[in-house]
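These notes are about the structure you will find just below.
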Amino acid sequence: RAKLMRYNTVDDAVRLIDKSQNIIVITGAGISTSLGIPDFRSQGTGLYSKLAHLGLSDPQEVFDIEVFKQDPTIFYSVAKDIIPSTDRFTPTHKFIAMLHERGKLLTNYSQNIDNLEIKAGLPKEKLIQCHGSFGTASCVQCRYQIEGEKIFSDIRAGKIPRCTRCLSSLKAAGAPKRKRSAGAEKKRKRWAEQDSSDDNNSEYDVPSAGVMKPDITFFGEELPDEFSRRLTENDRDKVDLVIVIGTSLKVTPVSEIASFLPPHIPQIYISRQSVTHINFDIDLLGDCDVVVAELCRQLKWPLVHEMVPPDQEITVKTE
Ligand code: OAD
């Protein structure tokens with residue numbers, strides 16, 4: 001996509017926001033880092049830098065559905081650190097809610113699973129949680145779905161949550177026993193260290209209940225249906241401005257939303273560093289809380305928030 005050469009200053013961004021009425025906001029982990037929630041790919045501080053001890057060939061395997069099915073202990077060894085654990089939100093979340101309050105927000109496509117958009121006052125119908133959320137959890141075996149919070153205590157205790165429906169049907173069927181192979185026995189021992197429900201110490205294998213998985217979207221899983229439905233059937237023809245905030249745009253299909261939209265629609269990118277694989281009309285580089293505070297100042301919108309950061313320089317990429 002070629003840049004629209006008409007726009008390249010903060011003033012242009014302010015004018016565009018001021019006149020637009022159907023803004024798509026695409027967000028990533030960078031909008032929550034000022035609360036101490038790590039993003040994924042920032043060197044040193046991102047979640048993936050911190051997973052070296054797991055010995056994975058690629059840290060993204062933590063969120064790979066095939067890996068999860070083979071060995072859920074890998075995901076559950078980090079899950080306790082990524083369960084949403086705060087009700088606080090950042091000035092950037094507040095800014096998105098303000099776009100809505102002023103009748104300017106079409107949809108916020110968020111890759112985040114912390115649910116802080118809602119805490120900041122965004123109504124559910126304005127939010128597409130592209131990578132799902134911890135709000136519900138499902139059994140990988142029988143797809144039984146429960147409220148996500150019901151597995152939080154197991155996750156926090158480092159245990160593998162099991163499906164209660166599978167468990168009751170196994171009990172009802174009298175769970176037939178089979179002699180366990182040497183390989184299966186080795187795997188069982190490894191699991192048993194983390195899995196409280198595994199009290200089966202005999203050499204016979206009792207078929208076990210399915211493992212529960214939070215309904216966050218793993219690599220290898222489809223995004224929620226509403227993602228492409230909303231984008232193609234509603235938003236594509238209405239959007240008049242795109243604002244992308246705090247995402248490295250490394251993961252499809254969210255990274256492809258911007259190029260899917262009509263090329264004449266102006267696009268603004270707000271993040272610490274610019275990306276080279278996608279052309280934005282305006283790159284506002286800096287901490288996103290600082291950038292949105294400046295935008296609000298110029299728009300004369302009162303961004304009343306306990307965390308509005310002190311003035312810092314914002315770089316506008318102009319090449
Ligand atoms: P990334 O960690 O890939 O990107 C976050 C971006 O935000 C980086 O470019 C940071 O430089 C920037 N950033 C961090 N803090 C910032 C701040 N305070 N102000 C401005 N910019 C800041 O995270 P995502 O792009 O969200 O998916 O990652 C996308 C997906 O990859 C995630 O949803 C997750 C992950 O694998 C799944 O697990 C399926």
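What's counted below: heavy atoms across the whole structure, side chains too, no hydrogens, waters or symmetry copies. We count ligands from 1, going down the list as the structure has it; atoms in each ligand are counted the same way.
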Open item on the list: Below 30° counts as parallel, above 60° as perpendicular, anything between as tilted: where do the rings of F152 and F134 land?
Closed with: perpendicular
Open item on the list: Test of understanding: given a 4.0 Å heavy-atom threshold, classify the contact between F218 and ligand 1 as side chain, backbone, both, or neither.
Closed with: neither
Open item on the list: Please list the nearest protein heavy atom to atom 27 (O) of ligand 1 with its residue and the distance rounded to 0.1 Å.
Closed with: H131 ND1, 3.4 Å
TODO: Grab the two heavy atoms, one from P38 and one from T33, that are nearest each other, plus how far apart they are.
DONE: C-CG2, 4.3 Å
Open item on the list: Could you work out, for atom 4 (O) of ligand 1, the closest of S42, G30, S248, P38 by heavy-atom distance?
Closed with: S248
- [ ] Just let me know how R41 lines up against ligand 1, side chain, backbone, both or neither, with a heavy-atom cut-off below 4.0 Å.
- [x] both
- [ ] Can you see which heavy atom on Y269 is nearest to which on S274, and at what distance?
- [x] CE2-CA, 3.9 Å
- [ ] Check each atom of ligand 1 against the heavy atoms of S271 and keep those under 4.0 Å away; list them by number with element.
- [x] 7 (O), 9 (O), 12 (C), 20 (C), 21 (N)
Task: salt_bridge(D12, R6) N-O dist < 4.0 Å - done: no
- [ ] Measure across K213 and F218 and return the closest heavy-atom pair with its distance rounded to 0.1 Å.
- [x] CE-CD1, 3.4 Å
Task: Contact with ligand 1 for G246, non-hydrogen, under 4.0 angstrom - done: yes
Task: For atom 8 (C) of ligand 1, closest protein heavy-atom neighbour - done: D39 OD2, 4.0 Å
- [ ] Would you mind telling me if ligand 1 is within reach of the side chain of T33, the backbone, both or neither, using heavy atoms under 4.0 Å?
- [x] side chain
- [ ] Of the side chain and backbone of Q273, name the one, both, or neither that has a heavy atom under 4.0 Å from an atom of ligand 1.
- [x] side chain
Task: Heavy-atom nearest neighbour in the protein, as seen from atom 35 (C) of ligand 1, with distance rounded to 0.1 Å - done: Y48 OH, 3.5 Å
Open item on the list: Please work out, at 4.0 Å between heavy atoms, whether the side chain, the backbone, both, or neither of F63 comes within that distance of ligand 1.
Closed with: side chain
TODO: Quick one: look up the protein heavy atom nearest atom 25 (O) of ligand 1 and list residue, atom name and how far away it is.
DONE: T247 OG1, 2.6 Å
Open item on the list: Taking 4.0 angstrom as the limit and counting only heavy atoms of G28, give me the atoms of ligand 1 inside it, by number and element.
Closed with: 26 (O)
- [ ] Establish, yes or no, whether a centroid distance under 6.0 Å links the rings of H305 and F95.
- [x] no
TODO: Could you check atom 32 (C) of ligand 1 against the protein and tell me its nearest heavy-atom contact, residue, atom and distance included?
DONE: F40 CE1, 3.5 Å
- [ ] Please write down residue, atom name and distance for the protein heavy atom closest to atom 26 (O) of ligand 1.
- [x] A29 N, 2.8 Å
- [ ] Starting from atom 29 (C) of ligand 1, find the nearest protein heavy-atom neighbour and note its residue, name and distance.
- [x] Q111 OE1, 3.2 Å
Task: For atom 19 (N) of ligand 1, closest protein heavy-atom neighbour - done: C288 N, 2.9 Å
Open item on the list: Closer than 4.0 Å to some heavy atom of G286 - which atoms of ligand 1 meet that?
Closed with: 19 (N), 20 (C)
- [ ] Number the atoms of ligand 1 from 1 as they appear, then name those within less than 4.0 Å of a heavy atom of F219, with their elements.
- [x] 36 (O)
TODO: Check V251 against ligand 1 and report side chain, backbone, both or neither, counting heavy atoms closer than 4.0 Å.
DONE: side chain
TODO: Give the atoms of ligand 1, by number and element, whose distance to some non-hydrogen atom of T217 is under 4.0 Å.
DONE: 39 (C)
